[in-house]
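For reference, the structure discussed in these notes is given below.
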Amino acid sequence: MNNKSYFDLDDAGLEGVIGERVQRHRLNLNMSQNELAEKAGVARRTITSVENGQGGTLSTLIRLLRAMDKISLLEDFLKEPELSAEQKKKAKRGKLQQRKYSSRPSESPQSQKLSEWSWGDENFLE
């Protein structure tokens with residue numbers, strides 16, 4: 001990136017950068033889109049879509065990273081988050097409980113009707 005922070009990018013811009021990185025890693029491995037698609041278990045047009053910054057699913061990104069042996073790129077994000085100062089105080093007093101919600105839910109999770117969620121790029125998948 002040319003002196004521009006990733007924080008300054010909107011979602012589409014960040015998808016573009018991620019697509020460029022996927023393409024660069026693939027090319028550094030001397031893999032064609034077809035080879036990566038086969039190894040990752042996705043359609044070639046999915047690779048094209050991701051590399052062009054047109055989005056994809058989290059599952060697709062994970063598959064691509066695994067297929068390129070780059071899953072370690074997620075290591076920093078996957079580390080256990082540190083406790084906040086308040087949580088550390090409660091832990092010292094033995095009163096720390098695992099947070100389940102960022103705020104009190106309006107209804108219990110069991111009573112909420114769950115619907116299937118998607119990124120909206122189903123047309124690009126196999």
Side-chain angles (χ1 to χ4, degrees):
M1 295 228 39
N2 301 346
N3 298 328
K4 191 171 183 183
S5 170
Y6 296 116
F7 296 107
D8 296 332
L9 296 174
D10 61 6
D11 292 353
L14 197 51
E15 285 179 1
V17 171
I18 291 169
E20 291 170 7
R21 296 304 182 269
V22 167
Q23 183 179 42
R24 186 175 302 161
H25 285 294
R26 176 182 61 77
L27 293 173
N28 286 344
L29 294 168
N30 291 320
M31 292 178 80
S32 68
Q33 286 185 337
N34 286 331
E35 290 169 326
L36 179 56
E38 185 175 322
K39 191 171 182 183
V42 299
R44 189 207 44 83
R45 66 179 171 259
T46 300
I47 306 295
T48 301
S49 177
V50 169
E51 289 184 358
N52 287 331
Q54 297 171 344
T57 66
L58 180 57
S59 176
T60 297
L61 181 60
I62 291 169
R63 286 174 176 221
L64 297 177
L65 292 174
R66 281 190 199 282
M68 294 185 294
D69 198 27
K70 297 292 182 184
I71 198 75
S72 62
L73 294 174
L74 295 176
E75 187 173 354
D76 283 344
F77 182 75
L78 295 175
K79 288 179 182 174
E80 187 69 33
E82 291 189 26
L83 295 176
S84 68
E86 184 64 30
Q87 289 172 319
K88 287 177 183 177
K89 288 178 188 175
K90 288 181 179 180
K92 285 183 180 180
R93 293 182 293 210
K95 297 181 179 181
L96 180 66
Q97 293 181 357
Q98 182 79 20
R99 280 182 74 172
K100 295 181 183 177
Y101 306 101
S102 59
S103 62
R104 182 171 214 103
S106 58
E107 46 184 297
S108 70
Q110 293 81 14
S111 66
Q112 292 177 352
K113 183 178 179 181
L114 299 177
S115 62
E116 190 169 311
W117 187 86
S118 69
W119 287 95
D121 65 347
E122 294 80 11
N123 296 336
F124 293 107
L125 300 177
E126 300 161 31

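The structure displayed is predicted, hence computed values, not measured ones.
- Residue-environment remark: CG (Asp10) exceeds the threshold of 12 foreign heavy atoms within 6.0 Å.
- Within the model, atoms CG of Leu61 and NZ of Lys70 stand 13.5 Å from one another, a figure rounded to the nearest 0.5 Å.
- Grouping the Ile, Leu, Val, Met, Phe, Trp and Tyr side chains by contacts below 4.5 angstrom, directly or via other members, places Met68 apart from Leu27.
- Rounding to the nearest 0.5 Å places CZ of Arg24 at 13.0 Å from CG of Leu29.
- Across Leu73 and His25, no two heavy atoms sit closer than the pair CD1-NE2, 3.9 Å.
- For the pair Leu36 and Ala67, the tightest heavy-atom approach, listed with the atom from each and the gap, is CD1-CB, 3.6 Å.
- Of the inter-residue distances, the one linking Thr48 atom OG1 with Arg44 atom CZ reads 4.0 Å to the nearest 0.5 angstrom.
- Of all heavy-atom pairs spanning Gly55 and Val50, the tightest one is O-CG2, 3.6 Å.
- By the side-chain hydrogen bond (donor to acceptor under 3.5 Å, both in side chains) test, Glu51 is found to be paired with Arg26, Gln33, residues two or more places apart in sequence or in another chain being considered.
- Residues that satisfy the side-chain hydrogen bond (donor to acceptor under 3.5 Å, both in side chains) test with Asp76, not counting sequence neighbours, are Lys79.
- Contacts classified as salt bridge (Lys or Arg N to Asp or Glu O under 4.0 Å) and involving residues 30-40 (residues at least two apart or in different chains) are not found.
- Checked against side-chain contact (heavy atoms from CB on, under 4.5 Å), Ile71 has the following partners two or more places apart in sequence or in another chain: Ile62, Leu65, Arg66, Leu74.
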Practice item. Dump the intermediate steps for side-chain hydrogen bond (donor to acceptor under 3.5 Å, both in side chains) on Ser49 and Arg45, then the final yes or no. Key: CA-CA 6 Å; Ser49 177; Arg45 66 179 171 259; over 6 Å; no
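- Counting non-hydrogen atoms of neighbouring residues, nucleotides and ligands closer than 6.0 angstrom, the CG atom of Asp69 reaches no more than 12 such neighbours.
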